[in-house]
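As structure tokens, the structure follows; a few thoughts come after it.
One is the number of the first residue; the rest follow in order along the sequence. Counting starts at 1 for both ligands and their atoms, following the listed order.
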Amino acid sequence: MKLWGGRFTGSTDSFTDHFHSSISFDSRMYKEDILGSVAHAAMLGKQGIISKADSELIQKTLKEILADIEAGKVTFDEKAEDIHMNVETILIERIGDTGKRLHTGRSRNDQVALDIRMYIKEQITDIKHLIKELMAVLNNIAEKNISTIIPGYTHLQNAQPVTLAHHILAYVEMFKRDHDRLNDTYKRTNVMPLGSGALASTTYPLDRRFVAEQLGFDSITLDSMDGVSDRDFAIELLSALSIIMMHLSRFCEEIIIWNSQQYRFVEMDDAYSTGSSIMPQKKNPDMAELIRGKTGRVYGDLMAMLTVMKGIPLAYNKDMQEDKESVFDAVDTLKMCLPVFTRMVDTMKINKDNMYNAARMGFMNATDAADWLVKQGVPFRDAHAMVGRLVLYCIDNNKNLDELTLDEYKNVSDVFTDEIYDAIRLETCVNTRTVEGGPSEEYIKKLVEQNKKIISKMK
Ligand code: ARG
């Protein structure tokens, strides 16, 4: 008989059993479920709601069940629906009537809310660690490339020269915020819902704060209906994970472009590339493409969860069982993508010469030529027009700005002197941008050092 079978005379359709059962996926919360039950049983004993002896036997047996699950000795039963009832069924099988006392003052509704919060807390800790590792690798690449000049783009058109360090550190900033967002999500997940019961709490004198303390929660939910029926913390997690994937995906897109024959800024290591079954010459950046592709699936998890929650009245509804697969899928995806990405960038070869040569194309020092004229007293708009004419002349004559003779410069304005050549060197363009946030070696060195400290303190 089902644990809830008392008021039923017929049995559920076997296909229905399969349809509504969640054990095939929520079994991964066995540890959370059991530790939550151990804390609940300890509290029931402490409060005299069940006897000390019963409380202790329940706790001891639950721990044995946990060890048996971990040793692969337990098979779950679809008919017992979910992880909560599977564990309870096994408990009752082992200790009979005493086991039947565990669920006093508790509902699966607050139990599942507890389990998913515990699960998410642990996953956040793991994912934060993976982000930290990625940031350390990126900061290290930046440190080695403080003077590696690359083209900076807007509209994917050559714009102004920057350095590889400056470019990579932009992503370090993004991942700092991602890490922070996970900290925020953790705070709001770290609230203990047990004691909410099915929806209206319970008549037993539970000590909810004791349970929270046992399980390492900061505080307890303050309205039992909210405690069992919101999943906003899971949605927050999914949105934080979606943003991380968006950042990884943009970076992957750049790496794919950088790795192309036309760019050759980087070359992926063989370990992170694949070949073609037909074209013998091919070496494709599949890992980067796959991470870019998997971003869509994490967005899907977020959308699914938002949509599941949008129309359900308070309090618990079975729709909410759908929260788990979205959370699990997104977590699994991040836990694969982050380490693959980290190793992929850590091992890729950086072709500094190709980067530098590309930065010489496309008149990326044109702004600096105009700025030099401004320093000689020419109004910026006039300087802009003069350099525009020079660029046109260069295009017609297939030259770069640094290849023009002084006479050619003077044809446009006699303000020009041979100081212009130093002013438009790519190194000058980069290193005179000493403003905080800019690409100069002077500033980027400081930022790299600052990042080292921040990263080493990150948990
Ligand atoms: N498996 C369910 C879930 O994941 C547990 C809660 C079920 N509660 C209920 N009243 N049917 O949401």
For this session: Start with the C-alpha distance between Gln111 and Asp33, add both sets of side-chain angles, then the distance that settles side-chain hydrogen bond (donor to acceptor under 3.5 Å, both in side chains), and finish with yes or no.
Result: CA-CA 8 Å; Gln111 190 178 355; Asp33 193 73; 3.0 Å; yes

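- Side-chain rings of Phe328 and Tyr119 approach one another, their centers coming within less than 6.0 Å.
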Using distance only, find each side-chain donor-acceptor pair of residues 301-312 under 3.5 Å and give its atom names and separation, not counting sequence neighbours.
| unit_1 | atom_1 | unit_2 | atom_2 | d |
| --- | --- | --- | --- | --- |
| Asp301 | OD2 | Ala330 | N | 3.3 |
| Thr307 | OG1 | Met303 | O | 2.6 |

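- The salt bridge (charged side-chain N to carboxylate O under 4.0 Å, His left out) check on Glu267 picks up Lys283, with sequence neighbours excluded.
- Ligand 1 lies under 4.0 Å from heavy atoms of Ser22, Asp82, His84, Arg108, Asn109, Val112, Tyr316, Gln321, Lys324.
- For Glu427, the salt bridge (charged side-chain N to carboxylate O under 4.0 Å, His left out) criterion is met by Arg425, not counting sequence neighbours.
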Exercise. Hey, mind stepping through Lys187 and Asp184 against salt bridge (charged side-chain N to carboxylate O under 4.0 Å, His left out) and telling me if it holds?
Worked result: CA-CA 5 Å; Lys187 260 186 252 158; Asp184 281 345; 3.3 Å; yes

